[in-house]
Each structure stands twice: as structure tokens, then as C-alpha cells.
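This report refers to the structure that appears directly beneath it.
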Amino acid sequence: MKIRWLNAVATFALFSSLVPAHAQTPKLQWYRGNTHTHTLNQDGNASPDTVVRWYREHGYQFVVITDHEYVADVAPLNTLFGAEGRFLVLPGQEVTQVLADPTHPDGKRQAHVNGIGLPHTVMPIGSDEGVNIAKGITMSDTYTRNIGALRQAGALPQVNHPNLHWSVRPDDLAKIAGPFLLEVWNSFPIANNAGGTNEKGETSLSTEELWDVLLSRGQLAWAVASDDSHDYLHLDDFDSTRPGKAWIVVHAPELTPDALLEAMRNGEFYASNGISLEDYSADRLGVALSIKQPINPRGGKDNRRFTTRFIGKNGRVLAEVAGLKASYTFRGDEGYVRAAIVDSNGLRALTQPVFLDSRLLSSVGRRAVPVTPSR
Ligand SMILES: [Zn+2]
Ligand SMILES: [Zn+2]
């Protein structure tokens, strides 16, 4: 098995050496965006104009409006706030799937899914009966149906806040085939990203551990960090559902809906709630990254410390590197390799896995050129 992989890589290396690097990869840029945003059209407390303006004025290049069961017309928003190559609004929706589950303390569970780039509303199962809660269906089957409907409409699915109300278990996501986004970091104050155990001894994985379970099964789940912002009136309150807490930075050839969706579908981005990368590259030999030196907001030297952990199948820590630069050379038996960066104040960034199988051949071409992110 391992030898076959090495042979395939060797074949790729021979082929790629015959093609000039600039012909293989278009010039890519980094675009920072938020994929989970609510407005006054549903339960957010500010108009789409105010929300979009906030993101445009705070260092973002795109925002996806994802109101519950409401797809905003982004054309007038882009006319007002869009700027070619600099800012873009994408349409979307949060499909607010709820289903009855008498075994859960709430009597129900939440299986919310965002559709990124969705042109029209997809109603959750059960909403046509006026009760807005599905009965007699499994979590897994709701994901299959809703993700199928979103893809059919040309949208990219994002599984939201798995630990909100302790709703999602690893097996609920096992049947999702094809690439999808997973909210490993949702900024809602009760998103429970870190997991935990209750007084009865019932334990839920952290969302990052849940992600490793999916990756170890070979599923193409890409980690997203997002705001799930609802509150634009209490921007100085960190506990409010305010914007600007977590984001992704997408590596794409241009700032268009098609280019962003294609890059996200291919896992060409990293997730962050405060750490910015200077470079990221992966090729057939390994992964290398450098972290942007932060600026001390109070002036003077910034002495934050950074730890990068390279993580493989089953969440195994393969290596740990201190400092602003980190690299890892593949051995070939890791299953996949991803980087999780944490700083000495608890901020984090996550890069997407590189699978050490035949998928490496299709992914390294696009990942091989280091460039400088816009932030
Ligand atoms: Zn939700
Ligand atoms: Zn939401």
C-alpha cells in the first residue's frame, strides 16, 4: 500500500518536473471572509446594509448572508458595497433543521446546515406541516436530504455548531459523501466547541476531535471558523453574538462567487479566531507554514508565543514546533496531516488536512505555491 503510494508520488514528481511551475498554478490571493451571518431579515438585529458594511470596514473581503430560511438578494448589496477584487457579498441560508428526539433532554436535536452561494430557499424537513420540527427521521437522514438539496441548487454545504445543545454525534455525519464545511469553531457563546462531560458522566467530543473522527474515516470535511453573528448593537460586549470573532481565509485566483466556492470546496483555506498566516504550502514532501508576526495593540514588542501541532489520523500529534515557522515532512503512513496552531493567549488557527493517498495528487498542485495572505 505504502509502496503504491510512493510510486504514484514518484510518477507525479516526474510529470510535474516537466511542467513549469507557473503553468501549473494560477496566481492565488488570500481572501478573508465569514460564512455564517444573520441580519434583520430574520433574527439578527441590524439591516443587511449595516451588517455588510461592518464586514467591509473590518478587514474582510467577503461575507455570506445566511439567515434562517431566507435568502437575501445580494445584487443590490453588491451594487452598494461590492468592489471588484476587494469585497463581495455571497447569498446563503441557514437551513434550521430541528428534529424530535425524546431521548435528548430538550426533546429535540438541531441539525442546522448552511448553504453557501445558495440562490433560493431550501425549507427544512417538517416545516411544511407548520410545526417546524421533523419527526420519524434520523439526524443522518436530515443531513443527507438537506445537503443534497443545497448541492442540487449549486451551494456548498456547511454543518453548523455540532455541539450547540449537544446535538450532533460523529455517526450523524458519517453518511455525508463529498466535500463539506464543518464549523469546528462557531463563535456563539453556547456553541460548546471544546466539548465536555456532564454530571451524569455523558461526554461529547470537542468539535476538533469530532473533525478528526470524520477525517480518519476519509471524509472530506474542511474546518471552518465563523461568527454566527446576530448582534450588531453591542459590539463592545465579547459575550454578545457580535461579528469579528472568527473567520476563514480562502486561497483563490480571484474574488468571484465561482472562484471562492471552488476553492472552499477543495479545502483551499484556513480557519482562525485570531492567528494570521504569512505563508502556507503543501507539496508531495510535506507541509510548511509561517505565522504573521502580530502587532502589540498597546505598542512595544509583541512577545506572544506560538505552538504548531501537526496532527494525523485519529488526532495523533505527529510533531510539535515552537515559533513563527513550522514544517513537517511526510513519512507516508500518517493517513492525513493537518496543522493546528495555538498562541500563548489561546487564539487558534487550523489548516486543512493533506490526505496521504491518491487525493494528494489532485491537491498538491493547487497548494504548492506559497503566497502572502492579505491578513
Ligand atoms: Zn444554527
Ligand atoms: Zn446561525
Side-chain angles (χ1 to χ4, degrees), residues 33-48 50-52 54-55 60 62-72 74 89-101 104 106-118 121-127 132-134 139 142-143 145-147 149-150 155-169 172-173 176 180-193 204 207 210 221 223-234 239-248 264 271 273:
N34 180 45
T35 62
H36 194 160
T37 319
H38 296 276
T39 78
L40 200 57
N41 281 332
Q42 239 282 350
D43 61 347
N45 66 7
S47 68
T50 302
V51 172
V52 166
W54 189 94
Y55 281 96
Y60 289 73
F62 72 95
V63 63
V64 191
I65 306 288
T66 57
D67 278 308
H68 305 281
E69 283 65 76
Y70 187 98
V71 176
V74 298
V89 186
L90 290 176
Q93 179 204 334
E94 179 165 23
V95 181
T96 319
Q97 184 66 61
V98 182
L99 73 161
D101 181 353
H104 190 286
D106 297 351
K108 60 188 178 185
R109 293 165 74 197
Q110 318 280 329
H112 304 186
V113 190
N114 276 3
I116 318 282
L118 185 68
T121 309
V122 169
M123 293 307 285
I125 305 159
S127 54
N132 212 17
I133 183 162
M139 289 283 279
T142 73
Y143 283 118
R145 182 270 192 182
N146 290 331
I147 286 174
L150 293 173
L156 178 63
Q158 169 177 303
V159 170
N160 291 343
H161 46 60
N163 280 352
L164 183 73
H165 303 301
W166 306 110
S167 276
V168 181
R169 298 156 192 156
D172 298 331
L173 305 175
I176 304 175
F180 65 101
L181 311 184
L182 176 71
E183 265 186 353
V184 172
W185 193 270
N186 173 291
S187 301
F188 219 66
I190 53 165
N192 302 316
N193 299 305
S204 292
T207 45
L210 169 70
V224 166
S226 81
D227 280 334
D228 200 354
S229 43
H230 288 70
D231 186 350
Y232 306 87
L233 304 179
H234 303 93
D239 288 332
S240 82
T241 55
R242 65 171 179 79
K245 291 180 173 180
W247 51 87
I248 60 171
M264 284 191 259
N273 66 1

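Whatever order the structure lists them in is the order used to number ligands and atoms, beginning at 1.
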### Mutual orientation of the aromatic rings belonging to His68 and His230 [parallel < 30°, tilted 30-60°, perpendicular > 60°]
tilted
query = Hey, is the Zn ion (ligand 1) within less than 2.8 Å of some N/O/S atom on His68?
reply = no
Notebook entry, point to check: Do the rings of His161 and His36 sit parallel, tilted or perpendicular, given the 30° and 60° boundaries?
Noted result: tilted
min-distance N/O/S atom, His112 vs the Zn ion (ligand 1), resolves to ND1
For Val71 and Leu118, the nearest pair of non-hydrogen atoms, with its separation, is CG1-O, 3.4 Å
Using a strict cut-off of less than 4.0 Å between a Lys/Arg side-chain nitrogen and an Asp/Glu carboxylate oxygen, indicate whether Arg242 and Asp227 qualify as a salt bridge. no
Here the N/O/S atom of Glu94 closest to the Zn ion (ligand 1) would be OE2
Asp228 OD1 to His38 NE2 via the Zn ion (ligand 2), rounded to 10°, gives 90°
Residues Phe188 and Leu164: closest non-hydrogen pair is CD2-CD1, 4.0 Å
- [ ] Using 2.8 Å as a strict upper limit, say whether an N, O or S atom of His36 approaches the Zn ion (ligand 2) that closely.
- [x] yes
